[in-house]
Structure formats: structure tokens, C-alpha cells
Amino acid sequence: MVENTNSTNTNLEYKRAKRKEEMKQQVVTFALMIVFTIIAFTMVTADLDKLFVIPILLVLAIVQVGFQLYYFMHMSHKGHEMPSLMFYGGVSVAFLTILTMLVLVWW
Amino acid sequence: MSTTIEQNKGFGATLWDYLTTVDHKKIAVLYLIGGGFFFILGGLEAMAIRIQLIKPANDFVSAGFYNEILTMHGTTMIFLAAMPLIFALMNAVIPLQIGARDVAFPFLNSLGFWLFLFGGILLNASWFLGGAPDAGWTAYAPLSTTSPGHGVDFYVLGLQISGAGTLIAGINFLVTIINMRAPGMTYMRMPLFTWTTFVVSALILFAFPALTVGLFLLMFDRLFGSGFFDASMGGNSVIWEHLFWIFGHPEVYILILPAFGIFSEVLPTFSKKRLFGYTAMVFATVLIGFLGFMVWAHHMFTVGLGPAANSIFAIATMAIAVPTGIKIFNWLFTMWGGSIRINTAMLWALGFIPSFTIGGMTGVMVAAAPADYQYHDSYFIVAHFHYVIVGGVVFGIFAGLHYWWPKMFGKILDETLGKITFWTFFTGFHLTFFIQHFLGLMGMPRRYWTYGADQGLELGNVISTVGAFLMAIGAIVFLYNVIITTIKGDKVSGDPWDGRTLEWSIPNPTPHYNFTQIPLVRGLDPLWIEKTEGRKGMTPAEPIGDIHMPNPSILPFVMSLGLFIAGFGAIYQIDNPIWLVVLIIGMGITFGAMFIRSVKDDHGHHIHKEDLDKGAGL
Ligand code: HEM
Ligand SMILES: [Cu+2]
């Protein structure tokens with residue numbers, strides 16, 4: 001309904017600009033993700049110290065999941081509050097459970 | 001089809017209607033019948049247990065058979081009776097309470113029901129096929145991995161199938177409540193039953209996968225030669241306990257939270273007052289849901305996790321008593337100063353408060369880890385969880401059935417019979433289980449098939465069995481009540497209780513499409529707001545228009561049937577590989593039905609606005 005007014009044109013331009021901006025971000029993150037993957041593989045093949053490689057791998061993985069969720073699956077957009085809540089709820093429950101297992105139960 | 005009036009249909013047409021229905025109101029009836037059937041079955045098993053224990057060294061049943069009845073009683077009551085009965089009430093009420101015409105995924109709703117039913121039938125088929133599962137409802141390894149025969153295999157596959165149904169139902173209610181609320185119904189205007197259903201659905205979503213994984217591992221160990229729980233092959237049997245209780249403790253909250261929701265509807269209606277402390281109630285519900293995930297190891301205090309783990313889990317467990325206590329006080333304050341009507345639904349609610357409080361108190365007692373070394377695996381635990389499950393969940397189901405029966409079936413259950421049911425059941429319940437606290441303290445262990453004459457346990461067990469018979473009488477009177485009301489009861493108006501929430505704004509019988517016009521919600525207790533402002537019903541939020549409804553489908557039934565057949569194949573292939581054929585045929589049926597569902601477009605149908613007031617689709 002709102003689009004049916006005189007502001008249609010400016011609206012459209014704004015949308016186009018925004019899409020272009022998003023496209024740029026997606027390309028950048030995509031490139032970054034490939035770089036991350038290459039780093040990960042070279043680190044593993046380079047026979048570095050495990051204690052050094054594993055934490056970095058984990059960080060790279062987490063950042064990649066973030067990229068995926070926010071730039072490709074649009075979780076930053078409006079109307080994704082409930083999916084975010086469910087997502088972070090689930091992640092924190094799983095995290096606490098695994099943490100408990102590791103430090104309390106099997107240590 | 002859906003536009004014919006119910007009474008004019010033959011038996012075959014009605015049967016087909018229910019096999020293919022995707023209407024949440026009819027699925028509610030299916031859940032009620034299915035859950036009610038298994039409740040009776042589990043009740044008969046309970047009676048057999050109590051008869052066996054009525055005197056020392058009894059031989060009413062053999063030791064092995066006792067293990068089977070005991071296991072099936074627990075498994076049936078939790079998975080096949082309590083949960084489906086709760087789903088019955090959710091299906092009957094939630095779309096009406098939030099002002100929706102159906103659930104978000106009507107097809108999945110029906111699939112969830114049929115999966116539950118076929119899973120339950122598969123589990124119970126074990127009785128006729130060489131013996132039921134006998135490793136307890138908790139199926140601890142290595143008892144479950146080494147139990148001879150096929151009993152535990154039926155447990156694994158039956159629960160796997162019905163568990164999938166539960167997961168589907170949970171996801172469906174999550175999406176329904178998030179997406180389908182009527183205009184104006186913000187989260188903080190949702191009735192408490194909707195809120196608890198919402199939180200419970202999230203619990204199902206996060207808790208059931210742990211059971212799924214555990215059951216898969218158990219299935220691999222028993223049927224495909226793996227050794228996840230076998231120490232001699234490098235496995236670890238304690239992992240099963242963790243997986244089971246990571247699911248199991250949220251499961252007990254999945255059962256009790258909807259009951260909390262029911263009481264939070266019944267008490268305000270019959271006190272003619274707004275629910276006291278609505279915000280605190282919502283907060284407490286969410287908090288209980290969250291904490292429920294962090295306490296599973298309180299079932300494993302005696303496993304030997306060490307003092308650090310035991311103390312942390314003990315404290316987390318006791319913390320849950322705080323939000324629960326908040327709820328108890330809010331219910332009491334809701335009644336305070338209200339104009340209270342005591343009918344059967346209200347009686348169940350009133351009986352619930354002290355009964356459940358006792359269960360919560362023994363809960364805190366067993367949560368004290370050092371003390372639990374005494375209580376664990378004794379009849380004290382049996383008393384604790386029956387106080388919360390019967391005194392909480394079963395009372396809640398009875399309250400909900402009496403409260404919403406006029407919404408579901410258009411008639412009020414007979415009040416006199418209802419009160420007889422309540423008083424016999426209530427008295428029987430306390431007779432049966434109160435004394436069990438003391439039996440436990442005197443050293444009577446849980447899950448033993450008999451006891452000696454010299455142990456001083458006779459009197460307590462006699463009292464307990466007498467109580468069980470009273471409960472059975474109460475249940476029979478309730479059944480009689482249902483039959484007599486169906487035959488003789490008078491049709492009532494759409495709002496027989498002078499209700500407060502949206503479901504009571506709908507005329508009786510509820511139209512196929514629930515709301516001719518979706519209502520506009522202007523606050524908590526929306527119907528009550530309109531009533532206090534002198535209006536007869538809700539203000540519509542939309543003009544009268546065509547209504548889009550989903551088409552019925554037999555596919556959910558076929559998919560579930562396929563898995564049921566595949567279940568037998570999976571169980572018996574270990575005896576003879578030829579059974580793999582059955583497994584493949586069953587999976588083929590399921591995947592075939594899924595394929596048809598995917599490629600065949602089904603856009604549903606429209607009810608035209610000209611037909612709406614002519615009673616179309618009733
Ligand atoms: C104040 C709240 C509660 C606390 C602190 C609590 C605590 C506990 C603890 C510590 C145990 C394990 C005892 C043992 O095996 O040695 C237990 C067992 C149990 N509780 Fe609760 N509980 C609470 C509420 C509930 C509720 C609301 C339900 C169900 C509706 C429930 C159902 C059960 C069941 C079924 C068991 C026995 C499981 C089994 O071993 O078969 N509890 N509870
Ligand atoms: Cu628990």
C-alpha cells in the first residue's frame with residue numbers, strides 16, 4: 001500500500017542502492033570465505049603445532065558460520081528476531097551442555 | 001466432503017474423513033482417542049503392578065513378566081498417554097486461542113498424529129511377538145543392550161517413530177504461535193496456555209534430538225553390532241544415561257508446563273479475575289524451560305560424577321523450585337478476593353495446588369545430592385514423580401478436558417459424575433502414593449517384583465493398592481461420564497463459562513474455519529475486554545471474504561504406515577536377512593508418499609463468502 005504513493009521512485013532507487021550494497025558485501029564475504037578455507041587447509045597440511053592450529057581453525061569456522069548466517073541467509077534483516085532467538089537459544093543450550101560434559105563430567 | 005453435515009454421513013465416510021483430516025479440531029479428537037486408549041492400557045498395567053505388590057512374595061505375575069509390565073507402564077504413560085492427551089488439548093485450543101483458522105502446517109499436524117499412533121502400536125505389538133521391553137522406561141545400558149529377545153528393539157523403533165511425530169508437532173506449534181496470531185495479539189497478550197505451549201514446543205525442539213540420537217546408538221548396538229555403550233569394545237554405557245536425561249528432564253517439563261497453562265486458564269475464569277502476576281507467570285515459564293536443560297545430571301547423582309558435578313547440578317535443580325514457587329503463589333493470589341465458582345474443572349485445579357506442592361518439596365529433597373544417595377532407586381522416588389506427574393499432569397488433563405469439553409464437543413460433562421470422579425481419584429491418588437514415601441524410607445527398592453514378609457512393608461503396600469483401585473474407579477466413572485454426556489447431554493452456548501479468552505467468542509459448534517472474520521485483539525483476555533465494554537463479541541479485524549482452507553490427505557497415514565512396516569523389517573533382519581526386504585518395502589512406501597506430496601501441487605480450497613453464514617463446512 002505504502003509503495004503506491006508518489007514516493008515510489010525514490011523508494012525504488014533506495015532499494016536498488018541497498019541491493020547493490022548487499023551484493024558487494026556478499027562478494028566480499030564470499031572471497032573472504034574462500035581465503036579462510038585456503039588458510040585452513042594450508043595450516044593443516046603445513047604440519048604446524050596442533051595447539052596452534054586447532055584454536056585458529058575454530059575461530060575461522062565460527063566467523064564463516066557468522067558470514068553465512070548474516071550475509072547469505074539475511075539474519076540481519078528485519079523480521080528475523082524469532083529465528084535469532086531460537087538459534088542463539090539452541091546454541092547456548094548446546095554449548096552449556098558440551099561444556100558441562102567436558103569440564104564436569106569427563107574431566 | 002467437509003461441507004456435509006456430520007450426522008448425515010455413514011460410518012465409512014466418517015472413518016475416511018478422520019483418516020484424511022488435516023483439521024486441528026478433528027486431529028485433537030484423534031489424539032484424545034489415541035491417548036485415552038493408551039492411558040487405559042497403562043492404567044491396566046499399573047493395576048497389575050499394584051495387585052502383584054499387595055502381599056509379600058506374591059506370584060500374581062512372574063518376575064520377568066513384572067519387568068515387562070513395569071517398563072511398558074512407564075513408557076506408555078509418558079510417551080503414549082500423557083503427551084498425546086496434552087497434544088489433544090493443544091490442538092483443540094491453540095488455534096482458537098490465538099485467533100487462527102488452523103495450525104501453520106495442517107498436513108504435518110496429521111503426520112505427527114499418525115506417527116505417534118503407529119509408533120505406539122509398534123511398541124505394543126511386542127506383547128504378542130515374544131515379549132515386551134523389560135529394561136525400564138529409562139532403558140539403561142548395558143541392561144538394555146543385553147536384554148534378550150526383541151522387546152527392547154520394539155522400544156527403540158516404536159519410540160523413534162512416535163518421537164518423530166512429537167518433534168513434528170512441536171515445530172508445528174512453534175511456527176503456528178509465532179506466525180498465526182490474530183492482529184493485536186502481541187506476545188504479552190497471549191493466554192498462558194498459549195505461552196506454555198510455545199515454551200514446551202521449544203523444549204521439544206531442543207530435547208527430542210537427544211533422544212533420537214540415543215535411540216539410534218542403541219539401535220546400532222542391538223541390531224547392527226556396534227559398541228557405543230559396550231565397555232569391552234571401547235564404548236561407555238554412561239553416555240546413554242546422559243543422552244537419555246538430557247532429553248528426559250526437559251521431557252518432564254514438557255509434560256508439566258502445559259498443565260500449568262491449563263490451570264492458569266481455569267483459575268481466572270472461575271475466579272472471575274484476571275490472572276494474578278501475568279508477567280511473572282510468563283517469565284517463570286520461560287525460566288523453567290531454560291533451567292530445565294541444565295539439571296539433567298540430578299538423575300545421575302549416584303553414578304559417581306564427583307562432588308563438583310553433583311553440587312552444581314544440585315544447586316541448579318533447586319533453583320527451578322523458585323519460578324515454580326512463584327507460580328503457586330500467583331495461582332493462590334488469582335483466587336484471592338475473586339468470586340469463585342467451584343465446578344469439576346475448578347476442583348481439579350484446587351486439588352492440584354497442594355498435591356503438586358508436595359511433589360515439588362520432595363523434588364527439592366531428592367535434589368540434595370548427599371541425601372539422594374538414600375532416596376535414589378527407592379519408593380521415595382516413585383512417590384516423588386507420581387506426585388508431580390499425576391498430581392500435576394493428570395490433574396491438569398482432567399481439568400482441561402472438563403473446561404474445554406464444551407468447546408470440543410458442544411456439551412458440558414456431567415457435573416455430579418465429574419465430582420464423583422474427582423473425589424474418588426483424588427482420595428485414591430493420595431492413598432496410593434503418600435504412603436510410598438515411607439515405604440521408600442523404610443528401604444523398599446524401586447522396580448523389584450516382590451518383597452519379603454519380614455520387612456514390615458505389608459501395611460503400606462496394602463494401603464497403596466487400595467488407593468490404586470479407587471483411582472481406577474474414578475477413571476471408570478469418567479469414561480461413563482463421557483459416554484452418558486455424548487448420548488444425553490444438552491447442547492450449550494459457545495461461551496458456557498463466561499470465558500475470557502478468544503476461543504469462547506466462537507459459536508457452538510465451532511465452524512470448520514473457526515472464525516468467519518479474524519478478530520481484533522485489544523489486550524490480555526480479549527473477550528473479557530469486549531464484555532466489560534458492553535459488546536457481545538469480538539470486533540472483526542477484516543471484512544467478510546473468501547476463506548482459504550487446506551485439503552484433506554491420506555498421505556500422512558500412508559507415510560506412517562510405511563515406517564511402521566519398516567520397523568518390523570529393522571527388528572527382524574537380525575534373525576534373517578530376508579526381513580531387509582520388508583524394511584525396504586516400508587521405506588519405499590514412506591518415500592513414495594513423500595515423493596507424491598512433493599510433486600503433486602495441492603493449493604487447498606476456498607469457502608466462498610456467500611456460503612459462510614449458511615453453515616458451510618460445519
Ligand atoms: C521442584 C521441582 C523438581 C525437582 C527439584 C525435582 C528433582 C528430581 C530429582 C533430583 C530426581 C532424581 C531422583 C533420583 O532418581 O534419585 C527426580 C526424579 C524424577 N522426577 Fe523430579 N523434580 C522436580 C519436578 C518434577 C516434575 C515437575 C516432574 C514431572 C512432571 C518430575 C518428574 C520426575 C520423574 C519422572 C523422575 C524419575 C525418573 C526416573 O528415574 O524414572 N519432577 N526429580
Ligand atoms: Cu529431572
Side-chain angles (χ1 to χ4, degrees), chain A residues 1-5 7-8 11 15 18-19 22 26 44 50-51 53-55 57-107, chain B residues 104 170-171 173-181 186-187 198-199 201-210 213 236 238-239 241-243 245-247 249-250 253 286-287 289-301 303-317 369:
Chain A
M1 290 293 132
V2 185
E3 277 107 82
N4 267 346
T5 59
S7 64
T8 317
N11 223 336
K15 267 192 188 157
K18 210 172 158 193
R19 275 207 202 114
E22 247 169 44
Q26 283 184 350
V44 174
K50 263 193 185 164
L51 227 56
V53 175
I54 291 175
L57 279 185
L58 285 176
V59 171
L60 289 182
I62 291 170
V63 174
Q64 286 215 26
V65 170
F67 279 171
Q68 174 74 25
L69 289 173
Y70 282 91
Y71 290 104
F72 290 96
M73 295 173 78
H74 305 293
M75 239 168 76
S76 51
H77 286 196
K78 252 209 181 127
H80 286 65
E81 295 81 12
M82 201 34 94
S84 313
L85 179 70
M86 288 289 152
F87 180 80
Y88 289 111
V91 167
S92 48
V93 165
F95 176 75
L96 273 174
T97 307
I98 293 170
L99 189 75
T100 315
M101 289 283 193
L102 289 179
V103 303
L104 282 178
V105 176
W106 281 321
W107 196 2
Chain B
I171 293 171
F173 278 113
L174 267 183
V175 181
T176 304
I177 295 174
I178 293 173
N179 285 340
M180 314 249 315
R181 283 166 290 134
T186 57
Y187 282 108
F198 181 58
V199 172
S201 305
L203 292 190
I204 290 176
L205 179 64
F206 294 143
F208 264 73
V213 170
N236 181 346
V238 180
I239 294 177
E241 294 185 31
H242 282 297
L243 284 172
W245 288 117
I246 288 173
F247 146 78
H249 189 82
Y253 284 100
V286 176
L287 195 65
F290 188 75
L291 285 178
F293 277 100
M294 285 301 115
V295 298
W296 80 87
H298 66 213
H299 296 274
M300 302 167 61
F301 283 148
V303 165
L305 303 176
N310 275 7
S311 358
I312 288 178
F313 276 102
I315 290 165
T317 304

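Reminder, nothing fancy here: chain letters follow the sequence lines and each chain counts from 1. Just so you know, these numbers use all the heavy atoms, side chains as well, and skip hydrogens, waters and symmetry mates. Please read all numbers here as calculations on a predicted model, not as lab measurements.
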- [ ] Could you tell me which non-hydrogen atom of A:S92 sits nearest to which non-hydrogen atom of B:F290, and how far apart they are?
- [x] OG-CE1, 4.5 Å
Open item on the list: Tell me if the CG atom of A:L51 is crowded by more than 12 foreign heavy atoms within 6.0 Å.
Closed with: no
Task: B:L205 CG to A:M86 CE distance, which is reported to the nearest 0.5 Å - done: 7.5 Å
- [ ] Report, as yes or no, whether the 6.0 Å neighbourhood of atom CZ on A:F95 holds more than 12 heavy atoms from other residues, nucleotides or ligands.
- [x] no
Task: Portion of B:M294 that has a non-hydrogen atom of chain A nearer than 4.5 angstrom - done: side chain
Open item on the list: Quick check on side chain to side chain contact (heavy atoms under 4.5 Å, CB included): which of B:I178, B:L174, B:N179 does A:M82 satisfy it with?
Closed with: B:I178
Open item on the list: Would you compute the distance between atom CZ of B:F293 and atom OG1 of A:T97 and round it to the nearest 0.5 angstrom?
Closed with: 8.0 Å
Task: Heavy-atom check, side chain of B:I246 versus side chain of A:M101, under 4.5 Å - done: yes
